[in-house]
4 protein chains.
Amino acid sequence: MAHEKYQACVQACNDCADACDHCATACLQEQDVQMMARCIALDMDCAAICRLAAGYMSRDSQFAAQLCRQCADVCQACGDECAKHQHDHCQACAQACRRCAEECRRMAAA
Amino acid sequence: MAHEKYQACVQACNDCADACDHCATACLQEQDVQMMARCIALDMDCAAICRLAAGYMSRDSQFAAQLCRQCADVCQACGDECAKHQHDHCQACAQACRRCAEECRRMAAA
Amino acid sequence: MAHEKYQACVQACNDCADACDHCATACLQEQDVQMMARCIALDMDCAAICRLAAGYMSRDSQFAAQLCRQCADVCQACGDECAKHQHDHCQACAQACRRCAEECRRMAAA
Amino acid sequence: MAHEKYQACVQACNDCADACDHCATACLQEQDVQMMARCIALDMDCAAICRLAAGYMSRDSQFAAQLCRQCADVCQACGDECAKHQHDHCQACAQACRRCAEECRRMAAA
């Protein structure tokens, strides 16, 4: 069943969305918020598309693979930005983003 | 940290959203779709508010508790409807909904 | 300002999302729901990606154009399916979907 | 028809979501981002619940009124915060939020 076939990717998308939402809030509380502006903006984009992708996969949408390909690009950009910052929430987010980008690419290629 | 404090509830919301999205699609493929109409409608409402609630909690929003209280009501209604149908996807969804309703009520009361 | 540059497309996305959500509910109340199953499934996909695209454009995301290209594909598929059904809500939805597909393509090409 | 009955409120929710998303991005580009942190956080909450409420109303959900009551609270808080800042995007957002709070309360009371 599609639902189960996609399980690893759905899980990675949910985890990534939560990590991005958490990172955005934590960035807003950092002393140098200005340095985190691009990180926060990408966190918002990434959380939103990850939740959409999870929904598409869970509904076994005919557009799920196409959406995951797009989601991977956003995750990659967000992960690359987060990786530049030493805050724990950024490093954790970078890891979740990169794992999700990988799962999304694998899913889109299957 | 709020993020971690809410972890069980965020997880329950993500699981419930995925179960609802899956149930909606599976219901649409049942022979007697008409009998599943209310189930599908509630699945849509429930998946959407669960994903919103997960985001609010992950962002440690000041409205997270209030939103979870509302989310519990939708989960309860969706779980009650799903429980009436014998399809596996409905029974699985009913269970995810009820677990999520419980976690959301606990979170809102904390 | 980007916000204003995208105004026609944001408006088309919001209108399309609302038309799809309305169409899904109305389809569920039709006598022959089974015949509407694909329409309902595409309505869900289309409403969700249109709301995401509106958000990306309003935030002037670097991924807005890419997302609109994807959104156009979903709108096209949803509009093509809706156009096959004579119900008023399907015809109205088909029109909103096609208008949105057009605006999204124009936006993505700009 | 419910869809049309709610039209003013759906429109106000869509406008408010777009204004909040735009305000969040514009705040992130202000020189004193730190001063805008609470504004940005509320913009995110408000945009997300407004889009959810628009969907609930367009689907004529049984939970639409309850959701609009909740949406009004978030809009009120976001509007009050935005109103404190002199930036054009904050003033425009405050206005959209307050109008949406009003429409949501009217809808919930009907």
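Please read these numbers as outputs of a predicted model, since none were measured by experiment. Chain letters run A, B, ... following the sequence lines, proteins first, then strands; residues in each count from 1.
- Across all non-hydrogen atoms, the minimal contact from Asp73(B) to Phe63(D) is O-CZ, 3.7 Å.
- For Asp88(D), the CG atom counts as loosely surrounded, since its 6.0 Å shell holds 12 or fewer non-hydrogen atoms of other residues, nucleotides or ligands.
- Between Tyr56(B) and Cys46(D) the shortest heavy-atom distance is OH-N, 4.4 Å.
- For Gln11(D), the CD atom sits in a packed shell: over 12 heavy atoms of surrounding residues, nucleotides or ligands are nearer than 6.0 Å.
- The heavy-atom pair separating Arg59(D) from Met44(B) by the smallest distance is CD-SD, 3.7 Å.
- Contact annotation for Leu67(D): both backbone and side-chain heavy atoms come within less than 4.5 Å of a heavy atom of chain B.
- Within a 6.0 Å sphere centred on CD of Gln76(B), other residues, nucleotides and ligands contribute more than 12 heavy atoms.
- Highest contact tally toward chain D, considering only Leu42(B), Val74(B), Asp45(B), is held by Asp45(B) [criterion: heavy-atom pairs under 4.5 Å].
- The two residues Gln62(B) and Arg38(D) have their closest heavy-atom pair at OE1-NH1, 2.7 Å.
- We find the CD-CD1 distance between Gln66(D) and Ile49(B) to be 8.0 Å, quoted to the nearest 0.5 Å.
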